[in-house]
Amino acid sequence: MASAGAEGDEPLSESGALDRADDLEGRDRGEDSARTGDAGGDHVDHRHHFRLRDEVLGVEGDERGRLGDGRDRGEGESGERARHRSATIVRALAGRILHALTLGRSLPTVSRFFAGSDWAMTKPRLRFAPSPTGYLHIGGARTALFNWLYARKYQGTFVLRIEDTDRARSTDESVRAVFEALEWLGLDWDEGPGVGGEYGPYFQTERLEVYRDYAERLIRTGHAYKSYETKEELSRLREAHKQGSGRDDFRYESRWRDGREPPREGPFVVRFKMPKDEQPVGFDDLVYGQVSKRHVDMDDWIMLRPDGIPTYNFGAAVDDLTMEITHVARGDDHLNNTPMQILVFRALGHDPPKFAHLPMILGPDKKKLSKRTGSVSVTEYRDNGYLPHALVNFLARMGWSRGDQEVFTRAELLEHFDWNGIGKAGGVWNKEKLDWLDNYWMRVSPPEALMPLFMGQLARLGLTAGDDERSRAILRLYVERTSTLKEAAEQAAFFFSDGVAIDEKAGEKQLLGNRPLLEAARERFASGTFEALSLEEWTKAHAEKAGVKLGKVAQPLRVAVTGNTVSPPLFDTLVLIGRDEAVRRVGAALEWMSEKTPPGA
RNA sequence: GGCCCCUUCGUCUAGCGGUCAGGACGGGAGCCUCUCACGCUCCAGACAGGAGUUCGAUUCUCCUAGGGGUCACCA
C-alpha cells in the first residue's frame, strides 16, 4: 500500500499491540463532562485493534445461545451442525494465524472470529456512525436512538464512531454538534470519542493504517487490486459514455483488474474485485427480510483512495468488523451498500453482522427529509423549546410501533423496543404530532425540570425571570396551552415586561367605549383584596349591575392588562401580574383610549 | 435508464385468512366556559389496480401502476 506520502509513517501495529495499559483508560462512563468538548483529544493510542481477550474462551459454556434479539435463535443446534462448525472454526483460525504470521503482526483475537457467529455473541455491540458534516440530522438521531435502545435493552455496548473520511466537509465543529445533540437526547455512548474504549480509535481518519492493512490482505488474497486511472480519466469516460449512449449507466471496466498490464508507478486506488457472475449476495435483514443483489449488478468499487482514505463501504465494513459490531442499524438508503460490505466481510473470512435497515423519514413531498421542508437539525428543536424526551418519543414512533401506544416513557421504550416493531415504509415527518407530544410531556413533567428551560426561553426574548413561585405559577398556566416552552415563553412574555403594548384591533374592539368600566376596575384593583376569587366576585357583580354577561367585562379588562384578547384565565392572570402593575396597565390602557379618541371626537 | 426497496384514513400507524378494518395527530360539530387551551362526546376519512391460491383475502403469490432509494476517489 504505497500511496505517496503514506510510505513514511509505516509503523504498523506492533507498537500499539503491546501497550495495552491504556485500554482501560477513559472507560468510566457517567463522566459527562469528560466526553463533551474535546473532540477526540483523548484517544491516545488505541491502535491495538487486535487485542487479546482471553475471557472470550470462556464463552462457550454458559454464554452460548442466550442472545440478543431472540428472533432467529433456534435453541440447541444439532450435533451435525456443531461438528461442522468446529471444523470451520479450526480452519478459519488456522487461516488467521497464518495470516498474522505473514503480516508479521500480533495474533488476531479469537473473539474476533466469534463475532457475528450466533452462538458467541454474548452481548450485542451496536454503533452509530455519523459523518460530521453539519448538524445532527433528525434521521441520524433516530438511527442513533434505535441503536442505543437495542444496545441498552440487552445490556450491550453502544459505540459512537465518527466517519470523518470526507476531509472536505468534515469539521470539528460538526463533531461537537453531534456530541451536543446526542447528549441532549440522552443517548450516551459506551465507547467512542470522549470515553475511549478497547476498539479505538473511533475517528476513521485515525484508523488509516487499519484500512491499509485490510486492503493489502484483500489484494494479496485476490479480492482486490490496484487501479491506476485518474479521477479525471474516469469522469471523461463517464461523460463519453453518457454522450454516446444517452444513458446514465456507466460502469467502469478497469484495465488493471486482471493484472494484464504491468502496474505502473504512480497514485492508485484499490478496487474491490467483484466476481463476474450472477451469484446473488443475500442477507436476512431484520426489518426487510430477505434482500439480495447480484454480483453483476455491482462493479469494482473503490475501497481506498490514493491518499489511503477509505470510501464509505470499505471503511464501514472494516470498522464494523474490527470493532466487533453485531448489529448494524442504519437508514434504508444503505440497503444497496450492504451486499458490498458483506462481500468485504466474507473476503476477509468473517460472517457479517446482522443488519436492520430503517425506513427513511420523509418530507411532506415524500422525498428524503431535507432542510427545505422544515427543521431537520436536532439542536434546532432544542432551541425551539422542545423537550428532549418528546423528540425521543416521537422519533421512536416514526417507523416503529407497538400496537396503539403513542406515549412512551424511556423505560417503556427500553422495555418494548425491538426490530420487529419496525415497519418497512418510509414515514412523513409530522410536526403537528410532535407538537402534541411535546405538549403532553410538558404537562406531565415536573415543574422543576421545566423551569430552567422556560427561563432560558424567556432569556432569549430578553426577559429575566427567577425560579420562584410566581414564575412557576405562570409556567403552570402555559404548559397546558402551548406546545413548546418557546411558545410558552413568548405567550407569557407580558407577565415579565414592564407595561404592555396593546394590540390595535383588540384595543379598538374591547377598550373603546368602556372607559367607565376601566376606571372602576382601576379603583377596585388599587384598593380591595387582590386575590382571584374576590376579583372575580367584583367583576361578576359589575357585570350583573350593568346587565351584561361576564365576558363583556372580562374581555376589556383582559385587553387592558395583557394587551390582547387571549390569555390564561383572567383572575389568575391578574394576581400574577400583581396589583401595582395591574393598576399601571389599566391606567396605560385609559391613556391609550384617550389617544384614540381625542376629546371632542 | 440499470439495480434495490416500498404501497391501510391527509399524516403516523394497528392488523399477521373470517374484524362494522382499530387507535393517534390533524380537521369538523358540540359540551364545558371570562378569551385561549385542557378535558369530554360525536362526525368525516384508508386497504393503489388486476389476476390468481382459498369456502373466504387488507392479510399469501404473480403482474401492472405509483413512490422512494442507489448507481461518486459523499457518507
Side-chain angles (χ1 to χ4, degrees), chain A residues 129-133 163-166 168-170 204 227 229-231 234-235 238 245-252 267-271 285 287-288 291-294 296-299 301-307 309-313 315-316 330-339 357 359-360 362 364 366-368 394 397-407 423-437 439 443 477-483 491 506 510 536 539-540 543 549-559 562 564-571 573:
Chain A
S131 73
T133 54
E163 307 212 330
D164 55 350
T165 53
D166 184 344
R169 294 193 302 150
S170 296
Q204 287 195 320
S227 194
E229 71 290 313
T230 63
K231 209 170 171 177
L234 274 180
S235 51
R238 200 187 322 273
S245 66
R247 275 176 294 129
D248 193 15
D249 57 352
F250 175 70
R251 290 281 289 282
Y252 178 62
F268 59 83
V269 298
V270 177
R271 284 179 181 272
D285 193 272
V287 172
Y288 286 93
V291 177
S292 78
K293 192 167 180 172
R294 303 174 308 169
V296 285
D297 291 322
M298 298 179 265
D299 63 357
W301 52 281
I302 292 174
M303 298 168 15
L304 222 51
R305 302 168 174 127
D307 56 6
I309 293 180
T311 58
Y312 171 72
N313 283 122
R330 72 225 310 190
D332 79 8
D333 47 341
H334 288 294
L335 212 48
N336 282 306
N337 291 319
T338 306
H357 285 91
M360 300 230 275
L362 278 18
K366 300 250 184 191
K367 293 193 168 134
K368 229 170 165 172
F394 180 69
R397 278 291 285 105
M398 196 87 237
W400 175 82
S401 63
R402 174 171 183 268
D404 285 343
Q405 190 171 352
E406 298 287 350
V407 171
K424 299 178 180 186
V428 175
W429 183 255
N430 186 181
K431 184 177 176 295
E432 288 68 35
K433 195 157 182 174
L434 204 213
D435 286 348
W436 171 76
L437 269 173
N439 170 268
R443 283 185 286 128
L477 291 177
Y478 282 96
V479 290
E480 66 180 31
R481 64 196 80 230
T482 56
S483 51
Q491 292 187 25
Q510 303 294 159
E536 182 167 2
T539 312
K540 276 183 171 154
K549 300 192 80 173
L550 180 57
K552 280 287 178 199
V553 306
Q555 278 304 77
L557 292 181
R558 171 172 281 116
V559 172
T562 72
N564 225 313
T565 52
V566 176
S567 87
L570 180 63
F571 308 106
T573 301

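Reminder, nothing fancy here: chain letters follow the sequence lines and each chain counts from 1. Basis for what follows: all heavy atoms, side chains included, without hydrogens, waters or symmetry-related copies.
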Original post:
OP1, OP2 of B:C4 versus side-chain N and O of A:K293: anything below 4.0 Å?
Top reply: no

**OP:** Sugar-phosphate atoms are those with a prime plus P, OP1 and OP2; base atoms are the rest. Using that split, label each nucleotide of nucleotides 28-43 of chain B B, S or - for protein heavy atoms under 4.0 Å, 5' to 3'.
**Re:** ------BBBBSS----

**OP:** Would you mind building the protein contact string for nucleotides 8-16 of chain B? One character per nucleotide, 5' to 3', B for base within reach (heavy atoms under 4.0 Å), S for sugar-phosphate only, - for untouched.
**Re:** ---BBSS--

[atom1] of [X] versus [atom2] of [N]: gap in Å, rounded?
X      : N     : atom1 : atom2 : answer
A:K367 : B:G69 : NZ    : C1'   : 12 Å
A:D332 : B:U7  : CG    : P     : 11 Å
A:D285 : B:G69 : CG    : C1'   : 14 Å
A:L335 : B:C4  : CG    : C1'   : 6 Å
A:D299 : B:U70 : CG    : P     : 16 Å
A:M303 : B:A75 : CE    : C1'   : 17 Å
A:L304 : B:A72 : CG    : P     : 18 Å
A:N336 : B:U70 : CG    : C1'   : 4 Å

Original post:
Side chains of A:Y312 and A:N337: is there a donor and an acceptor less than 3.5 Å apart?
Top reply: no

Original post:
If you check the A:P306 side chain, which of B:C25, B:C73, B:C4 turns out closest?
Top reply: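 Nearest to the side chain of A:P306 among the choices is B:C73.
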
**OP:** Measure from the side-chain heavy atoms of A:M360 and tell me the nearest of B:G69, B:C3, B:C73.
**Re:** B:G69

Identify whether any heavy atom of [X] sits under 4.0 Å from a base atom; if not, whether one sits that close to sugar-phosphate; answer base, sugar-phosphate or nothing.
X      : value
A:T133 : nothing
A:K231 : base
A:H357 : nothing

Original post:
Do the two ring centres, one from A:F394 and one from A:W429, sit under 6.0 Å apart?
Top reply: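 Yes; A:W429 has its ring centre under 6.0 Å from that of A:F394.
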
Subject >> Along RNA chain B (nearest heavy atom to each residue), the more 5'-positioned of A:K368 and A:Y312 >> reply: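 Closest to the 5' end, via its nearest nucleotide, is A:K368.
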
Checking [X] side chain against [Y] main chain: does a donor-acceptor pair fall under 3.5 Å?
X      : Y      : result
A:N439 : A:V479 : yes
A:D164 : A:Q204 : yes
A:Y252 : A:L234 : no

Subject >> Test side chain to side chain contact (heavy atoms under 4.5 Å, CB included) applied to A:K293 - qualifying residues, sequence neighbours left out >> reply: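 A:D297, A:M298, A:N336, A:P339.
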
